[in-house]
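All residue numbers refer to positions in the sequence shown, counting from 1. Remember, predicted model here, so these are calculated numbers, not experimental data.
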Amino acid sequence: MAVLTRTDPSTQAFVLLRTVFTVAPILFGLDKFFNLLVDWPVYLAPWIDSIVPGTPQTAMYVVGVVEIVAGVLVALRPKWGGLVVAAWLLGIIVNLVTGPGYYDIALRDFGLLVGALALSRLAVRA
């Protein structure tokens, strides 16, 4: 088994992915409470809005909490956190392609989903 060092490309990739998938979900999750980056409720598919209780903004509060927890999980347990983030991104993709039609964002999130899966796989070696 190879010794992983800070100069090893797979270790560097792991650290980059772990950092991004820790920081981004936490920041985006916090922003669900403030809507500074974007008005998050506009991204909620009407069919999802019809099945969750409360307003679209209330749904975004729940989304924000889940994203913050997912980011913390990546920091603490990247193998499992990467899988949770990947599953969460799959849910976001389904929301985007079945609702408002933000296909470009859904495609971007698919790339992020693949990155989250790569993090989970790299975490096996870390």
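- A pairwise comparison of heavy atoms in Ala59 and Val52 identifies CB-CG2, 4.0 Å as the closest pair.
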Let me have the donor-acceptor pairs involving side chains of residues 104-116, under 3.5 Å, with sequence neighbours excluded, atom names and distances please.
none

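- Note on Val69: it does not cluster hydrophobically with Val20, by side-chain heavy-atom contacts below 4.5 Å among ILVMFWY residues.
- Under the 4.5 Å side-chain heavy-atom criterion for Ile, Leu, Val, Met, Phe, Trp and Tyr, Val63 and Phe21 are members of the same hydrophobic cluster.
- Thr55 OG1 to Met60 CE: the interatomic distance, rounded to the nearest 0.5 Å, is 9.5 Å.
- Transitive grouping of hydrophobic side chains (ILVMFWY, heavy atoms separated by less than 4.5 Å) keeps Val66 and Leu76 in distinct clusters.
- Every side-chain contact (heavy atoms from CB on, under 4.5 Å) that Thr22 has, sequence neighbours left out, goes to Arg18, Ile26, Val74, Ala75.
- Follow the hydrophobic side-chain contacts under 4.5 Å out from Leu119 and you never reach Leu73; the two are in separate clusters.
- Here ring-ring contact (aromatic ring centres under 6.0 Å, His included) pairs that include residues 50-82, with residues two or more places apart or in two chains, are Phe33-Tyr61.
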Donor-acceptor pairs under 3.5 angstrom involving side-chain atoms of residues 34-42: please list them, not counting sequence neighbours.
unit_1, atom_1, unit_2, atom_2, d
Asn35, OD1, Trp40, N, 3.3
Asn35, ND2, Gln57, OE1, 2.8
Trp40, NE1, Asp31, OD2, 2.7

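- For Leu122 against Ala13, the heavy-atom pair with the smallest separation is CD1-CB, 4.0 Å.
- The other members of the hydrophobic cluster of Leu27, by chain and number, are Val23 (side-chain heavy atoms under 4.5 Å, ILVMFWY only).
- Using a distance-only test at 3.5 Å, with no hydrogens or angles considered, no donor-acceptor pair links the side chain of Ser120 to the main chain of Leu117.
- In terms of heavy atoms, Leu30 sits closest to Ile68 at CD2-CD1, 3.7 Å.
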For residues 84-97, which side-chain N or O atoms pair as donor and acceptor with protein atoms under 3.5 Å away, sequence neighbours left out?
unit_1, atom_1, unit_2, atom_2, d
Trp88, NE1, Glu67, OE2, 3.4
Asn95, OD1, Ala45, N, 2.7
Asn95, ND2, Tyr43, O, 2.7

